[in-house]
Amino acid sequence: MTTLTSTGALPKRSETPVHDASARRHRRAAVARRLLAAAPDAVASLDWDTLDAAPTWLALSDADLMVLSRHVGAILCAASIRLWIDGARLGAARAALGAPFLQALLALPDAQVLPRNVAPCPRIDAAEQVAPMLRTSGLGVLLASLPSGPLRRAATALLGSTASTMAPALAHTLVSRAQTLTVRPPAVRTQGPTTQSPEGVSA
């Protein structure tokens, strides 16, 4: 189905399709390179359609992927983290997740927090456990979000972890929520001095 542009005109043939195809090829190549380096045997059973359908996070750099894994682990463990009152664990969480993400996580409405009895979250008793536990939990969720088959096997070799036993649909929801919270954390209202316009209206 062809849709109109915002001006009511038909889109040019060379606009979106070419850009999307180029971006898709670039991502597909990035995923293939990462998986080939980590699991050449598993990649041999992948086809281009499978790589096209691979999630964008598989194309992330190692550093960015570890950040995402900690964020996903924090979404999984949000109900527990929100109960922490000691400065040591909260400080470790702030260092592992970044202050904006932690602030956004703590500000989530209760309806968006996964109940503690729905999916297993590891027990985190000490500050030094925070980053590794969140990372390991997050990697398990990331792997569980992939369909069973060659792509998951290749990703398992890449990440050096095992998939969580949670349902893929739930895992995908947690990953999406972490990515959304990373991109658009809730705005925090701050109070500052107000100024008045010449008409006397506070700005």
Side-chain angles (χ1 to χ4, degrees), residues 27 30-31 34 38 54-146 152 155-194 203:
R27 186 192 68 197
V31 172
R34 286 182 59 81
T56 56
W57 54 262
L58 270 176
L60 293 175
S61 67
D62 289 340
D64 288 340
L65 189 54
M66 290 305 101
V67 171
L68 176 61
S69 70
R70 294 193 294 269
H71 286 177
V72 174
I75 292 292
L76 173 67
C77 297
S80 297
I81 294 173
R82 285 153 63 100
L83 297 176
W84 294 352
I85 59 174
D86 58 294
R89 282 186 298 178
L90 289 173
R94 189 175 298 108
L97 304 172
F101 187 93
L102 177 61
Q103 190 173 37
L105 183 77
L106 297 177
L108 281 175
D110 290 343
Q112 295 184 24
V113 176
L114 187 70
R116 299 170 70 184
N117 62 343
V118 171
C121 171
R123 181 168 176 170
I124 303 175
D125 295 322
E128 59 269 20
Q129 296 176 313
V130 173
M133 288 291 194
L134 293 182
R135 181 181 65 251
T136 300
S137 299
L139 290 175
V141 175
L142 287 169
L143 290 172
S145 71
L146 299 173
R152 182 187 285 191
T156 298
L158 170 67
L159 301 181
S161 187
T162 56
S164 167
T165 57
M166 70 174 60
L170 175 58
H172 188 271
T173 296
L174 296 181
V175 174
S176 298
R177 191 166 296 171
Q179 292 173 318
T180 300
L181 203 63
T182 301
V183 174
R184 294 189 306 175
V188 178
R189 299 183 61 181
T190 58
Q191 291 185 347
T194 59

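- With rounding to the nearest 0.5 angstrom, the CG atom of Leu142 is 11.0 Å from the OG atom of Ser137.
- Residues that satisfy the side-chain contact (heavy atoms from CB on, under 4.5 Å) test with Ala95, not counting sequence neighbours, are absent from this structure.
- Evaluation of the side chain to side chain donor-acceptor pair (under 3.5 Å) test over residues 85-94, restricted to residues two or more places apart or in two chains, returns Asp86-Arg89.
- One finds the CD1 atom of Ile85 at 9.0 Å from the CG atom of Leu90 (value rounded to the nearest 0.5 Å).
- Contact detail for Trp57 and Ser145: the closest heavy-atom pair is CZ2-OG, 3.9 Å.
- Proximity of Ile81 to Ile124: side-chain heavy atoms (C-beta onward) are nowhere separated by under 4.5 Å.
- Applying the salt bridge (charged side-chain N to carboxylate O under 4.0 Å, His left out) test to pairs two or more places apart or on separate chains, none has a residue in residues 155-177.
- Residues Ala88 and Ala127 come closest through the heavy atom pair O-CB, 3.5 Å.
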Counting only pairs under 3.5 Å, give me each side-chain donor-acceptor contact of residues 68-80, with atom names and distances, residues two or more places apart or in other chains.
from  : atom 1 : to     : atom 2 : distance (Å)
Ser69 : OG     : Met66  : O      : 2.7
Arg70 : NE     : Ala96  : O      : 2.8
His71 : ND1    : Thr182 : OG1    : 3.0
His71 : NE2    : Leu97  : O      : 2.9

With a cut-off of 3.5 Å and sequence neighbours excluded, list every side-chain donor-acceptor pair involving residues 110-123.
from   : atom 1 : to     : atom 2 : distance (Å)
Asp110 : OD1    : Arg82  : NH2    : 2.6
Arg123 : NE     : Asp125 : OD1    : 2.9
Arg123 : NE     : Asp125 : OD2    : 3.1

Side chains of residues 156-172: which donor-acceptor partners sit under 3.5 Å, not counting sequence neighbours?
from   : atom 1 : to     : atom 2 : distance (Å)
Thr156 : OG1    : Arg152 : O      : 2.7
Ser164 : OG     : Met166 : N      : 3.2

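- Judged purely by atom type and a 3.5 angstrom limit, Arg34 has no side-chain atom pairing as donor or acceptor with the backbone of Ala155.
- When atom types are taken as modelled, the side chain of Thr136 and the backbone of Met133 share no donor-acceptor pair closer than 3.5 angstrom.
- Residue Val31 comes nearest to Ala54 through the heavy atom pair CG1-CB, 4.2 Å, listed as atom of the first residue, atom of the second, then distance.
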